[in-house]
Amino acid sequence: MAFTLPDLPYAKDALAPHISSETLDFHHGKHHNAYVNNLNGLVEGTDMASKSLEDIIQDTAGKADKAGIFNNAAQIWNHTFYWQSMRPNGGGAPTGKLAEMIDRDFGSFDAFKDAFAKAGATQFGSGWAWLVLADGKLDVRKTLNAETPLTEAGVTPLLTMDVWEHAYYLDYQNRRPDYISTFLDHLVNWEFAAENLAAA
Ligand SMILES: [Fe+2]
């Protein structure tokens, strides 16, 4: 098989009580795994089977006849990025260059949190909220379904939050804003965002 499901970067119960092991069982073990199986089925026997996930995403973005391949490839990438965007005992505030840039580009850390929470809460239907580096400045994005800022020229994703219902429904039912505030207060992995910023 060309693509495999990456392991979670922590134990399945490590994010409890904020995200339960039951949610991760379904979200990683069923949903993320299904995207991997779907993509393998779609690229089997084609020249895409030997390409990187990132190349497949770039090559198929915006092409209606390749939407199935794009959706599954981007969802694999987005989910792997999302698992790393959280950690046990996460939350709090970033430090160093990332903290300075958040103050510079959003005005304050609280203003960033408001902008990020608003992006997640106002993404109608399924999608993602992102912190990105766009042409040297930090910014927030929201994307629909499998869409990802990875395909935007000059943009580097630093952090993401899944706002598909499957990310929070077992733990929060319809209360997406509660999931978002918990993500920011208890789960967000600022070290991961800082690593992505340093590598950009
Ligand atoms: Fe998801």
Side-chain angles (χ1 to χ4, degrees), residues 1-12 14-15 19 21-87 119-120 123-135 139-170 183 187 189 192-193 195-200:
M1 285 296 140
F3 299 98
T4 55
L5 179 69
D7 289 336
L8 286 172
Y10 28 73
K12 215 179 286 177
L15 302 183
I19 289 180
S21 60
E22 190 185 18
T23 288
L24 290 182
D25 232 2
F26 278 94
H27 199 177
H28 177 259
K30 304 287 186 201
H31 292 280
H32 195 177
N33 193 46
Y35 299 127
V36 173
N37 291 338
N38 290 343
L39 183 64
N40 281 328
L42 287 166
V43 303
E44 193 178 358
T46 75
D47 62 348
M48 285 207 198
S50 59
K51 288 189 176 176
S52 71
L53 202 53
E54 288 82 356
D55 284 348
I56 291 176
I57 291 167
Q58 299 294 354
D59 290 352
T60 58
K63 293 180 180 163
D65 61 329
K66 298 281 196 303
I69 294 173
F70 172 83
N71 285 337
N72 285 286
Q75 283 294 78
I76 296 170
W77 194 93
N78 291 348
H79 279 89
T80 302
F81 200 75
Y82 169 63
W83 306 134
Q84 297 173 88
S85 294
M86 300 185 288
R87 67 175 180 87
Q123 173 52 49
F124 187 77
S126 298
W128 302 83
W130 304 82
L131 173 65
V132 300
L133 181 69
D135 297 320
D139 204 357
V140 158
R141 291 280 190 283
K142 57 180 177 180
T143 60
L144 176 67
N145 293 332
E147 296 290 333
T148 172
L150 202 58
T151 59
E152 253 189 276
V155 171
T156 304
L158 303 181
L159 191 75
T160 196
M161 175 176 66
D162 191 342
V163 294
W164 284 58
E165 280 189 348
H166 66 217
Y168 61 85
Y169 213 83
L170 292 175
F183 178 93
L187 295 169
N189 183 351
F192 177 64
E195 284 167 22
N196 291 325
L197 178 64

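Using cut-offs of 30° and 60° for the angle between ring planes, the H27 and Y82 rings count as tilted. Ring planes of H31 and H166: tilted class, angle from 30 to 60°. The aromatic rings of W83 and H79 are tilted relative to each other, their planes meeting at an angle between 30° and 60°.
Listed by first and then second residue, the salt bridge (Lys or Arg N to Asp or Glu O under 4.0 Å) pairs involving residues 40-55 are K51-D59 (not counting sequence neighbours).
Listed here is the closest heavy atom pair of A134 and V155: CB-CG2, 4.0 Å. Nearest heavy-atom pair across F81 and L159 is CE2-N, 3.5 Å. Across all non-hydrogen atoms, the minimal contact from H32 to I76 is NE2-O, 3.3 Å. Of all non-hydrogen atoms in S52 and F3, the two that sit nearest each other are C-CE2, 4.4 Å. Of all non-hydrogen atoms in F192 and S85, the two that sit nearest each other are CE2-OG, 3.6 Å. For the pair T80 and P6, the tightest heavy-atom approach, listed with the atom from each and the gap, is OG1-CG, 3.4 Å.
Of the candidates L150, D162, T148, N78 forms a side-chain contact (heavy atoms from CB on, under 4.5 Å) with just one, namely T148. Checked against N38 for a side chain to side chain donor-acceptor pair (under 3.5 Å), the options N71, N33, N72 give a single hit: N72.
With a 4.5 Å cut-off on side-chain heavy atoms, T151 and Q58 count as touching. A heavy-atom distance below 4.5 Å is not found between the side chains of N145 and Q75. A heavy-atom distance below 4.5 Å is not found between the side chains of M161 and L131. Taking 4.5 Å as the limit, every side-chain heavy atom of V163 sits out of range of all side-chain heavy atoms of K142. By the 4.5 Å heavy-atom criterion applied to side chains, L197 and L133 are counted as neighbours.
Between atom CG of residue L15 and atom CZ of residue R87 there is a gap of 11.0 Å, rounded to the nearest 0.5 Å. Considering CG of N196 and CG of N189, their distance stands at 9.5 Å, rounded to 0.5 Å.
Residues satisfying the salt bridge (charged side-chain N to carboxylate O under 4.0 Å, His left out) criterion with D25, sequence neighbours excluded, are K12. Partners of E152 by salt bridge (charged side-chain N to carboxylate O under 4.0 Å, His left out), not counting sequence neighbours, listed by chain and number: R141.
Y10 OH: more than 12 foreign heavy atoms inside a 6.0 Å radius. Within a 6.0 Å sphere centred on CG of D7, heavy atoms belonging to other residues, nucleotides or ligands number 12 at most.
Judged by distance alone, with hydrogens and angles left aside, the side-chain atoms of N40 form a donor-acceptor pair with the main-chain N or O of A2 at under 3.5 Å. Formation of a donor-acceptor pair under 3.5 Å by the W128 side chain with backbone atoms of L144 is not found in this model. T160 places a side-chain N or O within donor-acceptor distance of the main-chain N or O of A129, the cut-off being under 3.5 Å.
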- [ ] Check the pair I69 / L39 against side chain to side chain contact (heavy atoms under 4.5 Å, CB included), numbers first and verdict last.
- [x] CA-CA 6 Å; I69 294 173; L39 183 64; 3.9 Å; yes

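Side-chain atoms of W130 and T143 form a donor-acceptor pair, as typed in the model, at a separation below 3.5 Å. Defined by atom type and a distance below 3.5 Å, a donor-acceptor pair is missing between the side-chain atoms of W164 and Q123.
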